[in-house]
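All values below come from the heavy atoms of this structure, side chains included, with hydrogens, waters and symmetry mates left out. Model, not experiment: these values are computed from the prediction.
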Amino acid sequence: MKENYVQNLPLEHVEQGCSDSLGVFFYRIWKETGGRMPGENSPIVEYLPKLVILKTIHSLEDSPDILFVGEESLFAKLLPQAADPRNAQPRLEIEPEYRRQVRESYIQASKGAARFDVIGSNYLLPGGIEWLNIERILLPFTAPESGLRWIYCYSMLREVRKTKDQPNQKDLSDYSPLYAGLDQLLLAPDPR
């Protein structure tokens, strides 16, 4: 079985092409606003359907509660039942082991640090039937008046494999993204 991992990459990699154009767009808004919550006239509002918005973390043992699941987000595509507005807590649709695996990045984002992660996991989908490689950008935005902080999460699927075909983990310092369409769960060839 493939070893699961979360690798945090430098934020400079976002603008150097290791993210897609939306990832760069979200990161630049965060950077330009100094992490202050964008207003209703911000261009980010148009792209809310591609985001997941979370509370800050309150338990060091788990990932934070989810406030909003955009219907075009990767989360909604992988776990459609989580995007159902009647679902009181979409976080509980995620395998507990995956939530534990990714919690450290949420802890850092809860403190105000943006994160760019590459995640390899067979825990996200129920029963661990697929091994997924995901890039994720976590951007902590703070409301100027109340001081409350929310974490905006934008995720990109880079690779999906049946668990029997899992590759060996390569050194992620030489990370070269695999380009998979966000509307498809397919294995894209390594461009090298």
Side-chain angles (χ1 to χ4, degrees), residues 2-31 44 47-54 63-64 66 68-79 82-83 90-91 94-95 97-110 113-125 128 130-141 151-161 163 165-192:
K2 171 79 175 94
E3 183 179 331
N4 296 285
Y5 61 88
V6 176
Q7 176 73 45
N8 180 250
L9 298 177
L11 290 168
E12 296 79 42
H13 287 187
V14 174
E15 293 192 73
Q16 294 172 352
C18 284
S19 182
D20 65 10
S21 59
L22 272 179
V24 172
F25 168 76
F26 292 132
Y27 176 67
R28 285 186 179 158
I29 287 178
W30 179 82
K31 199 170 163 184
I44 201 170
Y47 296 100
L48 284 176
K50 299 191 179 287
L51 297 172
V52 173
I53 301 175
L54 305 98
S63 60
I66 296 171
F68 170 80
V69 177
E71 65 270 7
E72 297 173 30
S73 68
L74 179 61
F75 184 57
K77 290 175 184 177
L78 294 174
L79 297 165
R91 175 180 63 91
I94 303 169
E95 290 291 312
E97 188 57 38
Y98 182 84
R99 296 194 322 254
R100 283 189 288 280
Q101 178 184 345
V102 299
R103 73 180 179 265
E104 180 58 35
S105 290
Y106 286 117
I107 291 170
Q108 297 308 314
S110 293
R115 302 285 290 195
F116 180 44
D117 294 331
V118 177
I119 302 166
S121 181
N122 62 348
Y123 289 123
L124 179 59
L125 298 176
E130 309 264 353
W131 185 83
L132 303 173
N133 181 268
I134 297 170
E135 286 182 12
R136 177 182 73 176
I137 299 170
L138 300 178
L139 301 169
F141 281 102
I151 301 168
Y152 284 45
C153 177
Y154 174 65
S155 299
M156 301 146 278
L157 180 66
R158 293 302 190 195
E159 182 179 16
V160 61
R161 296 180 185 224
T163 53
D165 298 329
Q166 291 173 359
N168 291 328
Q169 180 179 352
K170 63 182 179 178
D171 180 6
L172 292 176
S173 64
D174 297 328
Y175 183 69
S176 175
L178 300 175
Y179 298 98
L182 292 178
D183 293 329
Q184 302 173 16
L185 297 179
L186 55 84
L187 175 62
D190 190 328
R192 288 195 253 178

Nearest heavy-atom contact between S105 and V6 is OG-CG1, 4.1 Å
Pair K31-E15, side chain to side chain contact (heavy atoms under 4.5 Å, CB included): steps then yes or no = CA-CA 11 Å; K31 199 170 163 184; E15 293 192 73; 3.4 Å; yes
Kindly indicate, with the supporting measurements, whether the criterion side chain to side chain contact (heavy atoms under 4.5 Å, CB included) is fulfilled by V52 and S155.
-> CA-CA 9 Å; V52 173; S155 299; over 6 Å; no
Does R103 use its side chain to pair, donor to acceptor, with the backbone of R100 at less than 3.5 Å?
-> yes
Before giving the answer on side chain to side chain contact (heavy atoms under 4.5 Å, CB included), spell out for R115 and Y106 the whole-Å C-alpha distance, their side-chain angles and the decisive distance to 0.1 Å.
-> CA-CA 8 Å; R115 302 285 290 195; Y106 286 117; over 6 Å; no
Mind checking side chain to side chain contact (heavy atoms under 4.5 Å, CB included) for F26 and listing every partner two or more places apart, or none if nothing turns up?
-> L22, I44, Y47, L51, L139, Y154
Is there a donor in the side chain of E97 and an acceptor in the side chain of Q101, or the other way round, less than 3.5 Å apart?
-> no
What are the two closest non-hydrogen atoms of N4 and S121, and how far apart are they?
-> OD1-CA, 2.9 Å
Minimum heavy-atom distance between A109 and P140, given as atom pair plus value | O-CB, 3.1 Å
Ignoring hydrogens and geometry, is there a side-chain-to-backbone donor-acceptor pair from R99 to I94 under 3.5 Å?
-> yes
Could you go through the side chain to side chain contact (heavy atoms under 4.5 Å, CB included) check for D117 and V102 one step at a time?
-> CA-CA 9 Å; D117 294 331; V102 299; over 6 Å; no
Excluding sequence neighbours, so at least two apart, what forms side chain to side chain contact (heavy atoms under 4.5 Å, CB included) with S110?
-> T56, I57, I151
Taking all non-hydrogen atoms of both residues, which atom of N8 and which atom of F116 are closest, and how far apart?
-> ND2-O, 3.3 Å
Working to the nearest 0.5 Å, report the span between CZ of R158 and CD1 of I134.
-> 11.0 Å
Name all residues meeting the side chain to side chain donor-acceptor pair (under 3.5 Å) criterion together with E71; count only those two or more places apart in sequence or in a different chain, and write none if there are none.
-> none
If every non-hydrogen atom of S63 is compared with every non-hydrogen atom of R91, which pair is closest and at what distance?
-> O-CD, 3.2 Å
